[in-house]
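What follows is a short report on a single structure.
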Amino acid sequence: MENMKIILKDIPDLHKIEVYESNGGYSALEKALKKMTPDEVINEVKTSNLRGRGGACFYTGLKWTFMPKETPKPKYLCCNGDESEPGSFKDREIFEKNPHQFIEGTLLACYAMGIKAAYVYIRGEYYKWINLLQNAIDDAYKKGYIGKNILGSEFSTDIYIHRGAGAYICGEESALMNSVEGKRGYPRVKPPFPAAYGLWGNPTTINNIETLSNIPEIIKNGGQWFSKIGEPKHPGTLLFGVSGHVNKPGVYELETGTPLMTIINDYCGGVTDGKEIKMVIPGGSSMPPLTKEEALTIKMDDASLKAIGSAIGTAGVMVMNEEADIVKVLLRISKFYYHESCGQCTPCREGTGWMMRVLKRIDEGKGRMSDLDLLIEVAQNIEGNTICALGDAAAWPVKWTIKKFRKEFEAKIPEVEEKSVPLNKVHSLRYS
Amino acid sequence: MEFFNEIELKKIDEIKSHYPESKAALLPVLWMVQEKYGWISEDSMKKVGDLLNIPYEHILGVVTFYTMYNKKPVGKIHLQICTNVSCMLRGGYELFKYVSDKLGIKNKEVTADGMFSVEEVECLGSCATAPMLQVNNQNFYENLSQEKVDKLIDSLHSEQKVNNT
Ligand SMILES: Cc1cc2nc3c(=O)[nH]c(=O)nc-3n(C[C@H](O)[C@H](O)[C@H](O)COP(=O)(O)O)c2cc1C
Ligand code: SF4
Ligand code: FES
């Protein structure tokens with residue numbers, strides 16, 4: 001099967017700078033520096049309709065125009081490689097297979113927005129991939145692609161890696177900036193947004209690693225070209241990271257709008273042991289899950305998933321077959337968000353703990369029918385009432401998994417309800 | 001042993017030059033401490049504070065916020081096993097239980113000889129090669145089975161013994 005690859009091209013040793021160069025690498029940078037103004041670069045990205053691959057699907061070109069043009073302040077770029085949403089493992093593939101395309105994309109972004117320093121934030125667990133990227137950055141410095149007067153032009157910029165230390169919340173843009181500044185990764189209240197008040201209070205843009213890796217091909221081939229790939233409203237390819245109950249889990253780069261079942265059957269070798277699908281999480285653990293019926297017909301792009309109440313997120317596809325214990329899956333997801341809540345907002349700090357404890361009680365066969373509505377109520381009380389979107393990320397899976405898979409939960413609730421579990425045991429304090 | 005030697009102090013100066021404020025060098029410098037000493041003690045935090053001119057309280061706040069900084073000593077071989085959903089679907093919990101039972105320790109405990117410790121961790125971004133574990137915040141070992149993890153533990157153990165002699 002022919003398919004379009006923009007980032008994970010089938011070129012052996014593409015991670016080496018010489019190989020990247022001999023395949024047209026860094027020619028987009030040269031083109032931009034010699035023939036294009038920064039505004040022309042931004043316009044090309046706007047024309048491409050590229051949308052962020054970090055989860056929120058925001059238009060990249062539009063985001064870049066938020067950066068002030070005339071300002072005495074230094075401007076910064078944050079490249080988001082925190083990649084800690086369960087089920088997501090695509091950016092690491094870029095660091096390993098095509099790091100220079102990411103670097104070139106970062107340089108183009110810096111040129112377009114007049115940025116003098118970019119920080120690549122990478123989760124601390126990616127030790128190996130941090131080293132791989134650092135080697136690539138060092139090579140690019142040696143060849144004059146990064147640093148002072150790049151390719152003999154007036155343009156200078158530096159790229160630094162900042163290693164995280166184990167906190168999912170640091171993937172949230174403002175928490176990431178606090179973490180770069182050497183602080184606890186607490187999300188900031190917005191507004192002000194990063195373009196006005198980012199790193200050290202200066203104008204800052206933040207983009208995902210995959211988002212930036214698309215830029216060189218857009219500059220080389222034009223925004224028009226990119227805008228026609230895949231689904232017009234969400235064009236390009238996505239790096240689908242497929243895990244769980246499939247025969248060949250892995251990262252597959254495919255056009256947006258590819259049917260989910262094509263991904264599972266044609267690329268991932270089908271569901272393990274020839275079993276039926278029970279549930280699929282389409283875009284990392286915070287995205288509302290799909291039922292089997294939905295999974296059979298859904299196309300993987302922003303609009304198609306939104307139409308059925310889910311979202312593309314990080315395109316981390318988690319497949320669960322008919323034997324999966326949905327209650328345990330949701331309990332595990334809830335445990336994750338409880339663990340990762342930074343604790344600043346009461347609904348998130350307390351709500352994630354409540355949800356986890358009620359789910360635990362259901363899983364242990366001590367639940368009550370009223371718990372199901374209680375869970376949905378708690379989830380709805382978190383949603384929209386917090387500083388950052390981690391609250392929503394914790395609430396959505398609870399709300400939607402119970403709504404769509406209620407029978408699975410009911411099956412674990414005993415007919416004669418145990419009256420002896422006092423509520424305050426469940427709703428006790430966070431650290432008890 | 002000096003807290004940081006000449007070369008390390010040079011490295012810290014280099015790191016500081018990446019940022020407009022030296023406070024931003026805190027996370028990388030804490031990584032250097034942990035890589036050298038295995039964990040981050042109160043004394044280390046004070047020394048880092050003097051070095052970067054940051055109050056101890058701020059450093060304590062940072063060290064306690066990030067899960068990868070060890071607040072107490074771990075084993076020479078620290079096994080970090082993912083049990084999040086994709087790993088759970090492919091035996092992450094079984095792996096965690098098998099390893100803990102084999103070593104006779106519970107989550108975040110260290111064996112009596114100080115050699116091993118185990119920790120249940122969140123998704124490590126290795127979901128397609130589950131179940132998996134990470135050793136000492138560095139190498140990933142993927143697609144594990146009981147046999148593979150037995151071999152892994154043996155080989156890490158003998159490596160450690162060689163290093164110690
Ligand atoms: C709790 C939380 C965690 C996030 N984690 C990540 C992450 O690991 N990587 C990422 O690129 N974006 C993550 N995001 C989204 C970022 O805040 C931001 O929208 C994104 O990096 C912007 O890049 P993009 O426009 O290129 O997608 C997270 C958001 C939230 C609320
Ligand atoms: S929503 Fe949760 S993670 Fe986000 S700031 Fe509030 S408490 Fe922290
Ligand atoms: S769930 Fe274990 S590595 Fe992602």
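Below, read A as the first sequence line, B as the second, and so on, with proteins coming before strands; counting in each chain starts at 1.
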For this session: Would you mind listing every salt bridge (charged side-chain N to carboxylate O under 4.0 Å, His left out) that reaches into residues 90-116 of chain B, with sequence neighbours excluded?
Result: B:K97-B:D101, B:K102-B:D150

Exercise. Just by modelled atom types, is the B:T83 backbone N or O under 3.5 Å from a matching donor or acceptor in the A:R332 side chain?
Worked result: yes

Exercise. Would a distance-only check, ignoring hydrogens and angles, find a side-chain to backbone donor-acceptor pair under 3.5 Å from B:H58 to A:G182?
Worked result: yes

Exercise. B:V63 versus chain A, heavy atoms under 4.5 Å apart: side chain, backbone, both or neither?
Worked result: neither

For this session: Sort by residue number and list every member of residues 33-55 of chain B having a non-hydrogen atom under 4.5 Å from chain A.
Result: B:E35

Exercise. What ring-ring contact (aromatic ring centres under 6.0 Å, His included) pairs are there with at least one residue in residues 69-104 of chain B, not counting sequence neighbours?
Worked result: B:W31-B:Y69

Exercise. Any idea which of B:Q134, B:K23, B:Q138, B:E21 has the most non-hydrogen atom pairs under 4.5 angstrom with chain A?
Worked result: B:Q138

With the side chain counted from C-beta on, respond yes when [X] and [Y] share a heavy-atom pair under 4.5 Å apart, and no when they do not.
X	Y	result
A:H162	B:P28	yes
A:H339	B:T67	yes
B:Y19	A:Y119	yes
B:L89	A:M320	yes
B:N84	A:K335	no

Problem set entry | Pairwise distance CG(A:D158) to OG(B:S17) - rounded to 0.5 angstrom | 8.5 Å

Problem set entry | Residue part contacting chain B, namely of A:Y168, when any heavy atom lies under 4.5 Å | neither

Exercise. Can you check salt bridge (charged side-chain N to carboxylate O under 4.0 Å, His left out) on B:E122 and A:R123, steps first, answer last?
Worked result: CA-CA 12 Å; B:E122 295 297 351; A:R123 62 180 302 178; over 6 Å; no

Problem set entry | Contacts of B:K151 that satisfy salt bridge (Lys or Arg N to Asp or Glu O under 4.0 Å) - sequence neighbours left out | none

